[in-house]
> 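I have a structure here, written as structure tokens, and I will follow up with some questions on it.
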Amino acid sequence: MQDQKGYFSTSQVTVYIGRPSHISSVSNTSCSPKVSAGTDSPRMKTSIAMILCLLVLGVDSQRWLEFIKEAGQGTRDMWRAYSDMREANWIGADKYFHARGNYDAAQRGPGGVWAAEVLSDLRENIQSLIGRGHEDSMADQEANRWGRSGKDPNHYRPRGLPDKY
């Protein structure tokens with residue numbers, strides 16, 4: 001639209017992009033409209049996250065669903081060991097539960113090993129940030145590696161710990 005001085009001005013610009021069910025409308029009073037491509041949809045975010053995981057993890061395209069399943073099961077194994085440790089509240093059993101959680105997760109396959117390693121490292125890093133001793137953290141990591149390597153977690157089992165665990 002041209003004004004009295006011969007300049008063109010834009011009072012509103014509307015741009016439609018996307019499929020009919022996902023049409024985005026953008027209005028702007030300046031001459032440079034912003035365009036929305038609809039990348040905020042949950043489906044798009046999930047797809048991008050999945051592709052990123054596949055690239056970062058380097059998972060064979062034929063095994064990625066199995067890997068994700070194993071990782072989920074391994075995470076559950078780690079959580080169960082942590083819950084059992086809290087429930088038992090047994091002095092000297094910390095290393096046993098570390099080894100057991102990592103062992104159980106690693107038995108699931110490569111996804112379980114990955115989950116056990118990520119969760120173990122995350123836990124130890126958080127605990128070192130809040131001021132837990134370096135030596136204790138290193139001993140926990142040793143128990144984590146012991147379990148992940150497939151060695152018997154009972155190596156760390158303290159005397160008197162109930163058979164339930």
> Side chain to side chain contact (heavy atoms under 4.5 Å, CB included) for W90 and M85? Distances and angles first, verdict last.
CA-CA 7 Å; W90 197 269; M85 179 179 70; over 6 Å; no

> Look at D104 together with R76 and state whether they make a salt bridge at an N to O cut-off of under 4.0 Å.
no

> Going by side-chain hydrogen bond (donor to acceptor under 3.5 Å, both in side chains), name the residues that satisfy it together with R80, two or more places apart in sequence or in a different chain.
D77

> Could you pull out all residues at least two apart from E124 that satisfy side-chain hydrogen bond (donor to acceptor under 3.5 Å, both in side chains)?
S137

> Just to verify, what does D94 make a salt bridge (charged side-chain N to carboxylate O under 4.0 Å, His left out) with, not counting sequence neighbours?
R132

> With clusters built from Ile, Leu, Val, Met, Phe, Trp and Tyr whose side-chain heavy atoms come within less than 4.5 Å, directly or transitively, what are the remaining members of the cluster of M78, listed by chain and number?
L119

> P158 and Y96: which non-hydrogen atoms are nearest, and at how many Å?
CD-CB, 4.0 Å

> Sequence neighbours left out, what passes side-chain contact (heavy atoms from CB on, under 4.5 Å) with A81? Give chain and number order.
R100

> Quick one: do the N144 and E117 side chains pair a donor with an acceptor below 3.5 Å?
no

> Name all residues meeting the side-chain contact (heavy atoms from CB on, under 4.5 Å) criterion together with A115; count only those two or more places apart in sequence or in a different chain, and write none if there are none.
A71, T75

> Does anything in residues 116-136 pair up under ring pair (Phe, Tyr, Trp, His ring centres under 6.0 Å), and if so which pairs, sequence neighbours excluded?
none

> Can you name the side-chain contact (heavy atoms from CB on, under 4.5 Å) partners of E70, sequence neighbours left out?
R63, E66, R108, P110

> What distance do I126 atom CD1 and D121 atom CG have between them, rounded to the nearest 0.5 Å?
11.0 Å

> Can you pull the salt bridge (charged side-chain N to carboxylate O under 4.0 Å, His left out) pairs that have at least one residue in residues 143-165, sequence neighbours excluded?
E87-K164

> Among all residues two or more places apart in sequence or in another chain, which pass the side-chain hydrogen bond (donor to acceptor under 3.5 Å, both in side chains) test with S83?
W79

> Is Y82 reachable from V113 through a run of I, L, V, M, F, W or Y residues, each pair having side-chain heavy atoms under 4.5 Å apart?
no

> So, taking the atom named CG in N125 and the one named OG in S120, what distance separates them when rounded to the nearest 0.5 Å?
10.5 Å

> Mind checking what makes ring-ring contact (aromatic ring centres under 6.0 Å, His included) contact with W146, not counting sequence neighbours?
H155, Y156

> Check Q107 against G150 and note the closest heavy-atom contact, atom names and distance.
NE2-CA, 4.2 Å

> Can you confirm whether more than 12 heavy atoms, excluding those of I91, are under 6.0 Å from its CD1 atom?
no

> Using the ring-ring contact (aromatic ring centres under 6.0 Å, His included) criterion, which residues pair with F97? Sequence neighbours excluded.
Y165

